[in-house]
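For reference, the structure discussed in these notes is given below.
The residues of the chain are indexed from 1 along the displayed sequence.
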Amino acid sequence: MNTNFSPTMRQLRAFLAVYQLRKLGAAATRLFVTQSAVSMLIRQLEEGLGTRLFDRTTRALKPTAAAEQMISTVERVLRDVDSLSADFRELATLERGRVTLAITPTLAGFLLPDALRAFGEQHPKVRVLVNDCAPDQFLSRILGEHVDFGIGTPERPGPEVEVQRLMRDHLAVVCRTDHPLAKARVVRWSDLGRHPVITVRPGYGVRPLIDGTAAEAGVTLDVVNEVSFLSTALWMTAAGMGASIMPSAFARAEKNPVLVVKVLSAPRVARDISIVTKRGHSLSAAARAFIEALKQSLQ
């Protein structure tokens with residue numbers, strides 16, 4: 001026996017077919033190969049193992065004692081390989097699988113519902129797990145590979161991640177229909193200095209971008225309320241507690257009839273919402289399909 005010999009899958013399948021059917025011709029038909037190919041595979045297997053596996057009789061092939069000892073192991077190996085192949089096939093064709101993504105509750109509320117619904121109808125056996133997190137936890141979830149990818153706006157993504165723009169958004173002021181800014185054709189950053197405003201707490205989410213832009217425009221903001229969630233800022237604004245500064249897409253998604261959304265100008269500040277992945281991390285077929293469903297839902 002060759003101690004370095006490792007049987008191939010073709011040799012094992014030929015052995016199993018001959019063992020079950022007892023004839024080279026019948027085994028060849030099952031395996032869709034020629035009879036000489038089956039004979040060669042059995043001979044290679046016998047030479048590698050250093051033992052005869054079948055004795056010829058007048059009408060058929062008879063398994064030897066070595067073949068009888070091998071058959072249960074060969075059946076188990078081929079069954080496991082076939083099961084593994086089926087698993088990979090199901091994952092590739094989205095007959096089953098799992099997608100995990102990181103996203104802040106603010107973004108999830110207006111980005112995911114339509115995409116989740118459409119994806120669930122197309123691929124009912126694929127589970128989508130939403131890892132909702134605070135903005136300061138977003139990148140760590142991706143870099144720690146707790147999720148397949150993230151959807152968000154990392155302020156300083158760094159070289160460890162790859163960023164693919166999903167949609168372009170802009171900072172806006174949100175106010176009631178009876179607010180002085182509601183009737184303005186254009187609202188500049190400089191216009192905000194005369195009005196109390198609500199925004200997220202310092203260092204959180206879009207706040208650094210807001211503070212930096214206001215400083216660049218020479219405006220001192222009169223911040224009367226600082227919140228952790230933009231949804232809180234919206235109901236405060238709807239209650240007349242002050243205008244809010246936030247990304248326009250989130251405010252428009254609320255479709256509140258008492259609120260007006262005005263994209264801020266001078267300067268106009270873009271804020272991209274992106275698909276964020278760890279560099280070098282390949283996405284599964286299910287993850288790629290979900291991202292495509294998300295893009296379709298935003299059209």
Is there a path from [X] to [Y] through hydrophobic residues (I, L, V, M, F, W, Y) whose side chains come within less than 4.5 Å of each other?
X: Leu234; Y: Val197; result: yes
X: Val147; Y: Leu111; result: no
X: Phe5; Y: Phe15; result: yes

(request) Check side chain to side chain contact (heavy atoms under 4.5 Å, CB included) between Glu75 and all other residues, then give those that pass, not counting sequence neighbours. (result) Leu16, Gln20, Ile71, Arg79
NZ/NE/NH1/NH2 to OD/OE distance under 4.0 Å, [X] and [Y]:
X: Arg279; Y: Glu160; value: no
X: Lys62; Y: Asp55; value: no
X: Lys278; Y: Glu145; value: yes

(message) Checking side-chain hydrogen bond (donor to acceptor under 3.5 Å, both in side chains) between Glu292 and each of Arg288, Lys295, Gln296, which is the one that passes?
(response)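 Only one option passes, and that is Gln296.
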(request) Check for a donor-acceptor pair, side chain of Thr153 on one end and backbone N or O of Asp272 on the other, with a separation under 3.5 Å. (result)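 Absent.
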(request) Taking all non-hydrogen atoms of both residues into account, name the closest pair between Thr51 and Ala66 and its distance. (result)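 Looking at all heavy atoms of both residues, the closest pair is OG1-CB, 3.8 Å.
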(message) Minimum heavy-atom separation for Leu283 and Asp148, please, with both atom names.
(response)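 Taking Leu283 first and Asp148 second, the nearest heavy atoms are CD2-O, 3.5 Å.
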(message) Looking at Tyr204, I'd like to know if the NZ or CZ of Arg207 sits under 6.0 Å from its six-membered ring centre while staying within 45 degrees of the ring's axis.
(response) no
(request) If the plane angle is over 60° it's perpendicular, under 30° parallel, otherwise tilted; pick one for Phe290 and Phe119. (result)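 Judged by the thresholds at 30° and 60°, the geometry between Phe290 and Phe119 is perpendicular.
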(request) List in chain and number order the residues that pass side-chain hydrogen bond (donor to acceptor under 3.5 Å, both in side chains) with Glu254, two or more places apart in sequence or in another chain; answer none if no residue qualifies. (result)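 None.
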